[in-house]
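Report on one structure; see the data block that follows.
Values reported hereafter were calculated over all heavy atoms of this structure, with side chains retained and with hydrogens, waters and symmetry mates removed. Order of the sequence lines fixes the chain letters, A, B, ..., with proteins taken first and strands second; residue numbering starts at 1 for each chain. Being a predicted model, the structure only gives us computed values, none of them experimental.
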Amino acid sequence: MKAYSNLQIAELFRKMAAAYQILNENRFKIIAYERAADSIEHLTSDVKDLWDDKKLDEIPGVGTTIVSHLDELFRTGSIKHIDSVLAKIPESVFPLLLVPGLGPKRAYKLVDELHLNNKTTAIDDLEKALREHKVSTIESFGEKSEQDILQNIVTFKKGAIKEKRILLSEADQIAAHLIEFLKKNKNIERIDILGSLRRYVATIGDIDIAIISKDSEKAIEYFCTYPHVKIIEQGPTGASILLHNGRQVDLRVQEKRSYGAMLQYFTGSKNHNIALRSYALTKHLSLSEYGIKRVGSKEIKPFSNEKDFYEYLGMDYIPPELREGRGEVDHAIKHELPALVELADIKGDFHLHTNYNLEPSHDLGLHSIDEILDEANDLQYEYIGISDHNPSTGNHTETEIISIMKKRQEYYKKQAEEWNTRHHKTIHVCTMLEVDIKPDGTLALPDEAFAYVDAVIVSIHSSFAMTKEEMTTRIITGMSSHSKVKIFGHPTGRLLNRREGFEADWKKIFEVAKKKDIALEINASPYRLDLPDALVYDAIKFGCRLTIDSDAHQKEDMNMMKYGISVGRRGWAEKRDIYNTYSYNEMKKWLMPK
DNA sequence: GCCGTTTTCGGCCCGACTGTTTTCAGTCG
C-alpha cells in the first residue's frame with residue numbers, strides 16, 4: 001500500500017479545510033482541520049508509527065473524528081468522507097491557492113467563472129484571462145484585483161525565492177542592514193526584530209520589524225524609501241515592502257506606552273498567541289497588540305514592555321524561543337519554565353576542523369590549530385576538540401591510517417603546549433576525530449587507531465537513501481562500535497533548503513545515546529542546525545545530553561555558536577543538558593573517563 | 001471538529017488592510 005508521509009497528510013487536511021471554506025462549512029471545523037494539519041506537519045515522529053502504537057489521539061488538535069479518518073487512511077488507502085467533500089471542488093482550485101492574495105473563496109470563483117478546468121495549467125490559464133481583462137468583469141472583482149492578481153502571479157512564478165524560506169543567518173544579515181537604515185531616521189526611537197527571526201526559527205519567511213515613533217506617518221514613509229521592488233501595503237500602523245532579494249519586510253509602528261503588547265503580538269508564533277489568548281479568555285481578558293481589556297469592556301490597559309504583559313496574565317515571562325505553542329503557556333503559569341542555556345554558558349567547542357592534512361575523504365579546514373586556538377581564546381573557551389574528518393579509507397591501508405593518526409596526535413599535542421606556553425594560558429585541546437559511519441554501520445577508523453584520539457564524533461556523510469529501519473540500525477551500530485564514541489554529529493543529516501533529514505527511529509537512537517552517555521550534537525552551522533529543535537525537545541525529555549558545536553571549517557565559523565544556542569533554547573535545553581557548558585574537569589569525566 | 005482548574009456543551013484569538021462594497025467579505029499574519 002502507498003505510504004503516507006506527515007507532509008502529505010497535512011496537505012490533505014489543508015485541502016479539506018480549503019474545501020470547507022468554499023462550501024461555507026462551520027468555520028471552527030475549518031480551523032480544526034488546519035490545526036490538525038499544522039500539528040501533523042510539525043510532528044517529530046511518523047503519524048503511521050503513532051497509528052501503529054494507537055497513539056494518534058495524543059497529537060494536539062486530533063480528536064475522535066480525525067483519528068478515525070487516519071485509521072481509515074492507513075487501513076484502506078483513502079478516506080471516504082474527505083474524498084466526497086473534495087470531489088465537490090474542482091482540482092484546479094488548489095494550485096491557485098499558492099498565489100499570494102488568493103484564498104479558497106476567490107480561487108474557486110475564478111475557476112468557476114473562467115472554467116479553469118486543467119489543474120496543471122490553472123495558474124497559466126488564469127494569467128492569460130487576466131491579461132485579456134476577463135477578470136475585472138466578474139462580480140466582486142474589479143480593475144485593481146485584476147492588476148494585483150496578475151502581478152502576484154508574475155512575482156510568484158519568477159520568485160521561486162519567495163516560496164523558499166531563507167536561512168536564519170541570511171535573514172539576520174538582511175535585518176541588520178534594515179536596522180542600520182532605520183536608525184538614521186530621527187522619528188524612530190527604538191527598533192526591534194520580531195516574528196520568526198526573533199524566535200530564531202531555523203529558516204525565515206518574512207522579516208518583521210517593530211519601531212517606536214511619535215510620528216508614525218513620517219516613520220512609515222521613511223521605511224518605504226528603503227530600496228524595494230514594490231510596496232505591498234501601507235497603512236497608518238505599518239507597511240510591507242518587497243525587497244529585491246525576494247524578501248518581504250513588515251514594519252509596525254507603535255507608541256511607547258503600548259509597545260510591549262505590540263512586541264508580544266508581533267513576535268508570535270501564531271500558535272503561541274492562540275494559546276495565550278485562549279488562556280486569557282478563561283480569565284475574561286482579551287488580548288491584542290494594543291494591550292489587555294476585560295471582555296465586553298472598551299478600556300484597554302496598555303503595556304510598555306512584554307514582561308509586564310505576561311505577568312499581568314499571572315505567568316512568567318516567556319522567552320521568544322519558547323513561543324511555539326508547545327505547552328510553554330502552561331509552564332509559565334506554573335512557574336516551571338526551563339532556565340534556558342545561554343551563549344555565555346559555553347566553555348568549549350568539540351567540533352572544529354583544522355588545515356592539518358590527514359588525507360581525509362571530506363574537506364579540510366582552512367586554518368591552523370594555532371589560529372583556532374587564537375579564536376578560542378577570544379571566545380574565552382576552556383577547551384576545544386579538534387575533530388577533523390577521518391583519513392580516507394579508500395586511499396590508505398590500516399597501517400597507514402594508524403601512523404597518520406599517531407603523528408597527528410603528537411603534532412596537536414606539541415602545538416597546543418607551545419601555544420599555551422607562548423600565551424600563558426591553559427586552553428585544553430582534545431584530540432578528537434569526526435568518523436564516518438559507513439553504510440553497514442561500521443566506523444571508518446580501524447580499532448587500533450582509537451588509541452591516538454581522546455574521543456570521536458560519529459556522523460553520516462554518505463548513502464542517505466536507506467529505509468528508516470536500515471538507517472536506525474546503521475546509526476546504532478555505529479554508536480556502539482567503540483567506547484570512545486562520545487558524540488553523534490549532525491544527527492539527521494539535513495541541509496536546510498537542500499536536503500531533508502533522513503528518516504530514523506529517534507526513540508531507539510535516544511535510548512542507546514542515553515545508555516552509553518553519547519551526546520547528540522546540535523550542529524550550529526546555519527546550513528544544518530541539526531538536531532532540529534523539535535528533536536532536541538524530544539531528546540531532552542528522553543533524558544539525553546547534548547553538545548552544541550560549530551563544526552567550523554574556518555575560524556570565523558566558531559562564532560556561529562549562537563545559532564546552535566538558539567536551537568538548544570528552542571528545544572527547551574538548560575545549561576546542564578549541554579556538555580560543553582561544563583567546566584573542563586566536569587566535562588572530562590564524560591568525554592575521557594579513565 | 002476539538003476540548004475542559006468555571007464547561008462532556010458551548011464555546012472557539014484578534015485585528016489590519018484591501019477592494020468593491022454602501023456595511024462587508026476575503027485574506028493575511
Just by protein heavy atoms under 4.0 Å, how would nucleotides 2-13 of chain B read 5' to 3' in B, S and -?
SS--B-----BB
Can you list, by residue number, the residues of residues 123-135 of chain A that have a non-hydrogen atom closer than 4.0 angstrom to DNA chain B?
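None, since no heavy atom is under 4.0 Å.
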Give me each pair satisfying ring-ring contact (aromatic ring centres under 6.0 Å, His included) with a member in residues 176-196 of chain A, each pair once, sequence neighbours excluded.
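Every pair satisfying ring-ring contact (aromatic ring centres under 6.0 Å, His included) with a residue in residues 176-196 of chain A: F181(A)-Y222(A), F181(A)-Y226(A).
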Kindly write out the residues that satisfy side chain to side chain contact (heavy atoms under 4.5 Å, CB included) with [X], not counting sequence neighbours, or none if the list is empty.
| X | answer |
| --- | --- |
| A539(A) | F510(A), L520(A), L531(A), C544(A) |
| S278(A) | I274(A) |
| N117(A) | H115(A) |
| K29(A) | Y20(A), E25(A), N26(A) |

For the side chain of P236(A), counting heavy atoms from C-beta on, which of dG19(B), dC17(B), dG1(B) is nearest?
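Selected nucleotide (nearest to the side chain): dC17(B).
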Reckon Y265(A) touches a base, only the sugar-phosphate, or nothing at all at heavy-atom distances under 4.0 Å?
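Contact class for Y265(A): base.
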Taking the six-membered ring for Trp, are Y537(A) and W572(A) parallel (under 30°), tilted (30 to 60°) or perpendicular (over 60°)?
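Plane angle over 60°, so perpendicular.
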Contacts of [X] that satisfy ring-ring contact (aromatic ring centres under 6.0 Å, His included) - sequence neighbours left out:
| X | answer |
| --- | --- |
| H284(A) | none |
| Y108(A) | none |
| H228(A) | none |

Does dG29(B) pair with anything, Watson-Crick or G-U wobble, both distances under 3.5 Å, and if so, with which nucleotide?
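Result: dC14(B).
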What nitrogen or oxygen pairs link the protein and nucleotides 23-26 of chain B at under 3.5 Å?
none

Provide the distance between the two P atoms, one in dG15(B) and one in dT8(B), to the nearest whole Å.
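Approximately 28 Å lies between the P atom of dG15(B) and that of dT8(B).
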With sequence neighbours excluded, what pairs up with R326(A) under the side-chain hydrogen bond (donor to acceptor under 3.5 Å, both in side chains) test?
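So R326(A) forms a side-chain hydrogen bond (donor to acceptor under 3.5 Å, both in side chains) with D533(A).
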